[in-house]
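Remarks on the structure that follows.
Along the sequence shown, residues carry numbers from 1. No hydrogens, no waters, no symmetry mates; every other heavy atom, side chains included, goes into these values.
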Amino acid sequence: MPQKNLEFGKYGAQGIKGSDAVARRLDYLIDFIATPVTAKRGLLARLNYLTRSTRTLHTAHQLGLTVTDRTLNAWLAGTQRPTKANLDRIEAVYRRVRRHHVARHLLVRLNAGGGTRVEIHPLNQSRVARPHQRVVPYRKLNVRRWDAIVTAWANNDPRALEEAWTTDVLPELGSQWGQYEYVSNIGFSA
């Protein structure tokens with residue numbers, strides 16, 4: 001990909017990688033707990049989610065929630081408060097477990113009816129000097145296979161997600177695919 005060798009933002013363009021925008025949109029589509037983990041209610045909601053079954057608790061332990069059952073019970077009872085590092089770990093593990101739980105359902109919804117229509121909003125060039133601006137139109141395309149994208153997202157693997165986005169989706173744009181490596185937003189619903 002020749003665009004990977006360019007210095008993005010050198011002339012003032014603003015945007016994010018398309019794969020990161022897809023991950024943000026997928027996160028938006030699933031319902032995470034809105035209350036922050038630092039609040040007692042948010043912490044208890046996350047801990048209850050992670051401990052509601054032995055299978056979920058086992059998955060949480062595999063993904064990095066490495067505390068003893070005694071400590072976990074003390075957190076649930078409210079007799080002990082997790083440290084800042086543990087709060088961050090609880091949030092990260094909760095998000096990964098939640099992604100795994102909804103990935104299969106989300107994949108079915110995105111692949112239904114021959115795929116999902118995706119809107120690609122070009123990068124923001126408002127800070128780029130006029131001679132350096134290029135015409136990058138707003139694009140729509142139908143993504144037919146979401147398997148690799150959703151799997152990489154559920155596994156929290158940004159490299160695999162970027163690879164799936166750039167090899168499975170962007171080539172559908174034809175010769176202009178390189179202009180959409182960085183975007184301002186990507187929109188779709190399932």
Side-chain angles (χ1 to χ4, degrees), residues 1-32 56 58-65 88-125 127-128 132-190:
M1 230 188 287
Q3 282 69 23
K4 289 189 181 267
N5 297 328
L6 298 177
E7 298 175 52
F8 176 75
K10 180 177 181 179
Y11 295 108
Q14 298 173 324
I16 60 174
K17 285 184 178 180
S19 57
D20 293 343
V22 169
R24 285 183 186 178
R25 185 65 188 166
L26 289 170
D27 280 340
Y28 175 78
L29 287 177
I30 64 173
D31 295 326
F32 287 119
T56 305
H58 178 69
T59 304
H61 283 306
Q62 286 181 330
L63 294 176
L65 189 62
D88 293 341
R89 190 173 296 123
I90 290 167
E91 177 68 17
V93 168
Y94 161 71
R95 285 186 170 269
R96 289 191 66 193
V97 169
R98 179 74 177 139
R99 284 178 173 183
H100 276 282
H101 283 175
V102 300
R104 186 172 29 135
H105 174 69
L106 192 58
L107 187 60
V108 169
R109 288 173 40 198
L110 290 169
N111 283 333
T116 301
R117 193 81 166 156
V118 175
E119 300 172 352
I120 302 176
H121 301 258
L123 52 90
N124 182 353
Q125 298 186 70
R127 293 187 180 173
V128 177
H132 297 291
Q133 287 184 2
R134 59 185 177 174
V135 177
V136 184
Y138 166 89
R139 296 290 301 264
K140 291 182 184 180
L141 67 112
N142 196 24
V143 178
R144 292 178 185 353
R145 293 187 322 233
W146 287 86
D147 301 49
I149 294 170
V150 171
T151 301
W153 167 78
N155 292 331
N156 198 27
D157 188 352
R159 292 180 73 205
L161 181 60
E162 182 179 3
E163 182 68 25
W165 180 253
T166 56
T167 59
D168 295 346
V169 177
L170 288 183
E172 297 288 325
L173 296 173
S175 63
Q176 291 183 331
W177 68 270
Q179 296 177 356
Y180 298 94
E181 185 179 350
Y182 288 90
V183 298
S184 62
N185 191 23
I186 291 179
F188 56 88
S189 65

* Criterion side-chain contact (heavy atoms from CB on, under 4.5 Å) on Trp146 and Val118, from CA distance to verdict -> CA-CA 12 Å; Trp146 287 86; Val118 175; 3.7 Å; yes
* **Check against side-chain contact (heavy atoms from CB on, under 4.5 Å), Leu141 and Tyr180** => CA-CA 12 Å; Leu141 67 112; Tyr180 298 94; over 6 Å; no
* At their closest point, which heavy atom of His101 faces which heavy atom of Thr56, and how far apart are they? -> CE1-OG1, 3.6 Å
* Report the distance from atom NZ of Lys17 to atom CD1 of Ile186, rounding to the nearest 0.5 Å. => 13.0 Å
* Locate the shortest heavy-atom distance separating Ala152 from Leu161; write the atom from each residue and the value. => CB-N, 3.4 Å
* Structure fact -> The reported gap from CD in Gln125 to CD in Gln14 (rounded to nearest 0.5 angstrom) is 10.5 Å
* Apply the side chain to side chain contact (heavy atoms under 4.5 Å, CB included) test between Asn111 and each candidate in Val150, Asp147, Thr116, Leu106; give the one that qualifies. => Asp147
* Asked: If you measure from the Lys or Arg side-chain nitrogens to the Asp or Glu carboxylate oxygens, is any gap between Arg95 and Glu91 under 4.0 Å?
  -> yes
* Leu173 and Ile120: CA distance, side-chain angles, deciding distance, side-chain contact (heavy atoms from CB on, under 4.5 Å) verdict -> CA-CA 10 Å; Leu173 296 173; Ile120 302 176; 4.1 Å; yes
* **Interatomic spacing from CZ in Arg104 to OG1 in Thr151 - rounded to 0.5 Å** => 12.5 Å
* Asn142 to Gly115 - nearest heavy-atom pair and separation -> OD1-C, 3.5 Å
* To do: Compare every heavy atom of Thr166 with every heavy atom of Pro171, then report the nearest pair and how far apart it is.
  => CD-O, 3.1 Å
* Rounded to the nearest 0.5 Å, how far does CG of Leu63 lie from CZ of Arg89? -> 12.5 Å
* To do: Report the distance from atom NZ of Lys140 to atom CZ of Arg117, rounding to the nearest 0.5 Å.
  => 6.5 Å
Can you give the donor-acceptor pairs under 3.5 Å from side chains of residues 22-30 to other protein atoms, not counting sequence neighbours?
| from | atom 1 | to | atom 2 | distance (Å) |
| --- | --- | --- | --- | --- |
| Arg25 | NE | Phe188 | O | 2.7 |
| Arg25 | NH2 | Phe188 | O | 2.8 |
| Asp27 | OD1 | Arg99 | NE | 3.1 |
| Asp27 | OD1 | Arg99 | NH2 | 3.0 |
| Asp27 | OD1 | Trp153 | NE1 | 3.0 |
| Asp27 | OD2 | Arg99 | NH2 | 2.8 |

* Asked: What is the minimum heavy-atom distance between Pro122 and Tyr138, and which atoms define it?
  -> CD-CA, 3.8 Å
* Take Asn155 and His100, measure what side-chain contact (heavy atoms from CB on, under 4.5 Å) needs, and give me the verdict at the end. => CA-CA 7 Å; Asn155 292 331; His100 276 282; 3.2 Å; yes
* Structure fact -> Here the gap from Asp20 atom CG to Tyr182 atom OH, rounded to the nearest 0.5 Å, amounts to 8.5 Å
* Asked: Where do Gly18 and Val183 come nearest, in terms of heavy atoms and distance?
  -> CA-CG2, 4.0 Å
